[in-house]
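Order of listing sets the numbers, starting from 1, for every ligand and every atom in it. These numbers were taken from a predicted model, which means no experiment stands behind them. FYI, side chains are in, hydrogens and waters are out, and symmetry mates aren't considered; it's all heavy atoms of this structure.
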Amino acid sequence: MKRIGVLTSGGDAPGMNAAIRAIVRTGVAHDLEMYGIKRGYQGMIDGAIEAMDARSVSGIIHRGGTLLHTARCEAFREVEGRAAAAAQLARHGIEGLVVIGGNGSYHGAYKLCQEHGIACVGLPGTIDNDIGGTQYTIGFDTALNTAVEAIDRLRDTAASHDRIFFVEMMGRCSGFIAMYSGLAGGAEEMLVPESITVISELVDILREARARGKTSMIVVVAEGDDAGDASTIARKVREAAPEFKKTRVTVIGHLQRGGTPTAFDRVLATRMGVIGVEALLEGKSNVMTAFENNTVTLRPIADSWETYNKFDPDLFRLAKLLSV
Ligand code: F6P
């Protein structure tokens with residue numbers, strides 16, 4: 001293999017740049033020709049492909065976002081889209097790909113390999129930490145720390161005004177950020193897609209907390225909670241319990257996606273980037289890098305959608321025990 005392409009796909013995540021740097025420089029160290037593909041699979045279809053060298057990735061290890069830009073590409077879901085993308089890769093002589101992204105991005109890589117023989121390695125990059133096969137994804141730790149800082153700030157104003165804050169975190173299918181930030185921020189309750197939310201039970205919890213002397217409270221809501229988003233849940237609580245009219249809602253939103261990656265994310269991205277390129281050099285394909293028990297390993301890329309990364313359900317017990 002002489003030429004490898006790298007792309008970022010799906011939602012950006014802090015640490016993606018550190019991964020791109022590691023991938024390009026590992027390739028250069030192995031005398032490979034490295035190419036950056038802009039705007040994910042859309043850029044592949046459009047031929048937005050540029051040569052990269054060690055200097056192309058200078059000064060980016062500490063920057064959030066992705067130097068290569070990213071996109072969610074509908075056209076790549078179709079056979080024709082993938083054929084157009086493969087033709088662009090052939091034009092540039094690219095035989096191997098490193099795809100940094102989430103589940104959807106991996107599906108695309110898998111099909112590209114099957115249909116066009118392009119060797120593909122996936123690096124898990126998403127703030128959601130919802131990729132099967134790996135205990136950590138690139139970007140989760142940074143997003144989590146941003147979320148915790150937000151809770152800390154909100155707690156100051158909540159306490160000052162004796163208010164209940166409903167704080168919405170990202171996570172359509174997974175409550176990792178909500179659960180971990182709630183625990184780290186000492187929230188009274190975390191509502192996540194992994195458990196069913198019953199408004200009457202939530203009201204009871206809030207009433208009991210108030211009876212124990214709590215004057216302000218934080219309820220963290222994952223955006224994908226079954227009872228609705230934070231605004232909906234706050235409204236339902238106000239309707240069920242008029243005494244909780246002093247509620248406020250804050251949606252942290254895309255603030256969680258940006259910012260300087262933590263040291264953990266930079267190191268994770270760096271380790272995964274090096275191992276990803278080395279996997280291609282060893283002739284491997286349709287594998288993903290995974291973080292397991294403090295080691296970066298390789299797993300079949302299909303593990304990302306055939307298994308699910310779940311947080312320890314015992315965290316629910318801990319949260320309940322401590323929110324007295
Ligand atoms: O997948 C990452 C993520 O940030 C999710 O947590 C969130 O639901 C989604 O992306 C938001 O997507 P967009 O940036 O397209 O609005």
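A donor-acceptor pair under 3.5 Å links the side-chain atoms of Lys236 to the main chain of Ala227, judged by distance alone. Under the 3.5 Å distance criterion, the side-chain polar atoms of Thr215 are left unmatched by any main-chain donor or acceptor of Asp162.
Counting heavy atoms closer than 4.0 Å to ligand 1, residue His254 contributes side-chain atoms (C-beta onward) but none from N, CA, C or O.
Interface atoms of ligand 1 facing Met170, defined by a heavy-atom separation under 4.0 Å, are 4 (O), 6 (O), 7 (C). In summary, the atoms of ligand 1 found under 4.0 Å from a heavy atom of Gly171, numbered by their order in the structure, are 6 (O). Interface of Arg72 with ligand 1, defined as ligand atoms under 4.0 Å from a residue heavy atom, comprises 9 (C), 10 (O), 11 (C), 12 (O), 13 (P), 14 (O), 15 (O).
Clustering ILVMFWY residues whenever any of their side-chain heavy atoms sit less than 4.5 angstrom apart, transitively, puts Met170 in a cluster other than the one holding Val221.
Scanning all protein heavy atoms for the shortest distance to atom 5 (C) of ligand 1 gives Asp128 OD2, 3.3 Å. Counting protein heavy atoms only, atom 8 (O) of ligand 1 is closest to Glu223 OE2, 2.5 Å. For atom 9 (C) of ligand 1, the closest non-hydrogen atom of the protein is Arg172 NH2, 3.6 Å. Among protein heavy atoms, atom 11 (C) of ligand 1 sits closest to Arg257 NH1, 3.6 Å.
Taking the six-membered ring for Trp, Phe176 and Tyr136 have ring centres at least 6.0 Å apart.
A parallel orientation is assigned to the rings of His107 and Trp305, their planes being inclined by less than 30° (bins at 30° and 60°).
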- Task: Go through the steps to decide whether Glu188 and Lys214 satisfy the test salt bridge (charged side-chain N to carboxylate O under 4.0 Å, His left out), and finish with yes or no.
- Result: CA-CA 10 Å; Glu188 275 60 36; Lys214 288 203 175 192; 2.6 Å; yes
